[in-house]
Structure formats: C-alpha cells, structure tokens
Amino acid sequence: MSDIERFTPIVGELVVEPEGWGVVGTPTNFYATAESHTMDGELFDTAIQVRWTPSGYRFDYGDGTVEESETSGSAWRGTEDSWTETATSHTYDSRDDVTASVTVVFTAEVNAGGGWFAVPGTLPVEAPGVSVKVFEVDTVLTNGDCMANPNAAGCG
C-alpha cells in the first residue's frame, strides 16, 4: 500500500443536512461523497492503473462522538425525510459550534496490464472538516401570528 499512496484517492466531502446546521435533540444527517474511481500513473517505470474503493467510514461529529460505518450515508430524499434518523446521522446534546469530519478508508487494486490484483491493506484519507452550528429551539404557543400582531399573548 505504501508504494501506491502517492496516488492519493479522491476523498470527496462530508455533507451535513440541513445545510451545515442542526438542532439539539434532533437528528442531523451526515454523508460522505467518496466514490470508487481509477487513476492512471507510473510505478517503478511501469504504467499502471490504481482503482480505489471506499470500504469504511469514520464519522467524527465534533462533539467527542466518533462512529465507524460501512456505509457512506445518503441524502434525505425530501421534506418527508428531513429530521429523520439515518444510519450516519447524529443527535447533538447541547448547543455548540463544532467541526465535523469523515475519514474514508480505501482499499486498492492495481492493474499493470495483466489484470487487476488486490493490494494488501487499507488507506485512510480524511476529508476536509465541515463547520456545524447546533441550535437550541424552544416551542412557544401564541395567540395568532406574531408578525401580524406582535402584542398577542405569547408574542414579544
């Protein structure tokens, strides 16, 4: 693996839904965009191809919680999925500004013209960190629309 590390795999990015923020006590969705890909290059004066395949993910949610997963996660499919728990979501316990990250673990195969063969070992590559703003939300009962009637009960 050390011989092909210089063919650094494309790690993609960590995506946070919704749009880089979360709410205390509610799932915030995370997913990695890393994909399998092939790179051309030269090793020991021989033209080769290296095929990188993501095989694991280490999600660091920035609050001291780290989880390993075999899945990259996925985007919420629409408003009906928003705020629902996913395999790679995280629920924050307190309001904070954190930096979340994901390390993608890649396996490799090499082809020097005679077919693909697996390279022993794995290569972990960290994607750039993402800022996450975690808010606290309180629900308040009001007597009507506070924008239209700011002096109504519960408004102000």
Side-chain angles (χ1 to χ4, degrees), residues 1-140:
M1 185 63 73
S2 62
D3 289 330
I4 63 169
E5 279 182 6
R6 65 184 181 88
F7 293 87
T8 306
I10 301 167
V11 71
E13 64 182 352
L14 176 64
V15 179
V16 182
E17 290 182 317
E19 299 182 33
W21 57 277
V23 175
V24 172
T26 305
T28 301
N29 191 36
F30 293 82
Y31 64 93
T33 63
E35 297 179 337
S36 294
H37 59 282
T38 302
M39 304 174 101
D40 295 324
E42 197 173 286
L43 184 64
F44 307 124
D45 296 325
T46 302
I48 67 165
Q49 291 181 302
V50 179
R51 181 167 46 208
W52 296 105
T53 303
S55 63
Y57 304 84
R58 183 179 183 267
F59 289 90
D60 182 335
Y61 298 109
D63 64 351
T65 306
V66 176
E67 293 188 17
E68 295 193 17
S69 175
E70 292 180 6
T71 178
S72 63
S74 62
W76 282 325
R77 290 183 293 256
T79 56
E80 68 279 355
D81 276 357
S82 296
W83 308 108
T84 60
E85 189 171 0
T86 66
T88 55
S89 67
H90 178 64
T91 301
Y92 290 96
D93 292 331
S94 61
R95 189 175 92 190
D96 205 352
D97 292 337
V98 299
T99 300
S101 63
V102 64
T103 299
V104 181
V105 179
F106 287 94
T107 59
E109 296 172 282
V110 173
N111 182 356
W116 293 100
F117 68 91
V119 175
T122 59
L123 180 65
V125 180
E126 186 172 351
V130 175
S131 295
V132 181
K133 187 158 193 75
V134 183
F135 296 97
E136 230 172 334
V137 176
D138 293 320
T139 303
V140 177

Begin with the C-alpha distance, continue with both residues' side-chain angles, and end with the deciding distance and a verdict on side-chain contact (heavy atoms from CB on, under 4.5 Å) for T38 and W116.
-> CA-CA 12 Å; T38 302; W116 293 100; 4.0 Å; yes
Between T26 (side chain) and W83 (backbone), is there a donor-acceptor pair under 3.5 Å?
-> no
Is there a donor-acceptor pair closer than 3.5 Å between any side-chain N or O of T103 and the backbone N or O of V125?
->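 Answer holds: no.
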Please find the pair of heavy atoms, one from [X] and one from [Y], that lie closest to each other, and give the distance.
X    : Y    : value
V16  : W21  : CG1-N, 4.2 Å
G12  : P128 : O-CD, 4.0 Å
E17  : W76  : OE1-N, 2.8 Å
K133 : D97  : NZ-OD1, 3.0 Å
V24  : D93  : CG1-O, 3.5 Å
T28  : G22  : OG1-CA, 3.3 Å

No-hydrogen, no-angle side-chain donor-acceptor test under 3.5 Å, N29 and T86 = yes
Going by distance alone, is a donor N or O of one side chain under 3.5 Å from an acceptor N or O of the other, for T65 and D63?
-> yes
Do [X] and [Y] have side-chain heavy atoms sitting under 4.5 Å apart?
X    : Y    : value
Y92  : E136 : no
Y57  : L14  : no
V130 : F30  : no
H37  : P9   : yes
W52  : I10  : no
S82  : P18  : no
Y61  : E67  : yes
Q49  : R51  : no

For F106 and S55, what are the C-alpha separation, side-chain angles and deciding distance, and is it a side-chain contact (heavy atoms from CB on, under 4.5 Å)?
-> CA-CA 6 Å; F106 287 94; S55 63; over 6 Å; no
Rounded to the nearest 0.5 Å, what separation is found between the [atom1] atom of [X] and the [atom2] atom of [Y]?
X    : Y   : atom1 : atom2 : answer
T99  : D96 : OG1   : CG    : 9.5 Å
E35  : S72 : CD    : OG    : 8.5 Å
L123 : T8  : CG    : OG1   : 7.5 Å

Going through the checks in order, is the side-chain contact (heavy atoms from CB on, under 4.5 Å) test met by V15 and T33?
-> CA-CA 8 Å; V15 179; T33 63; 3.8 Å; yes
Show the numbers, then the answer: is there a side-chain contact (heavy atoms from CB on, under 4.5 Å) between V102 and E126?
-> CA-CA 6 Å; V102 64; E126 186 172 351; over 6 Å; no
Verify the neighbour count for atom CD of E70: are there more than 12 heavy atoms of other residues, nucleotides or ligands below 6.0 Å?
-> no
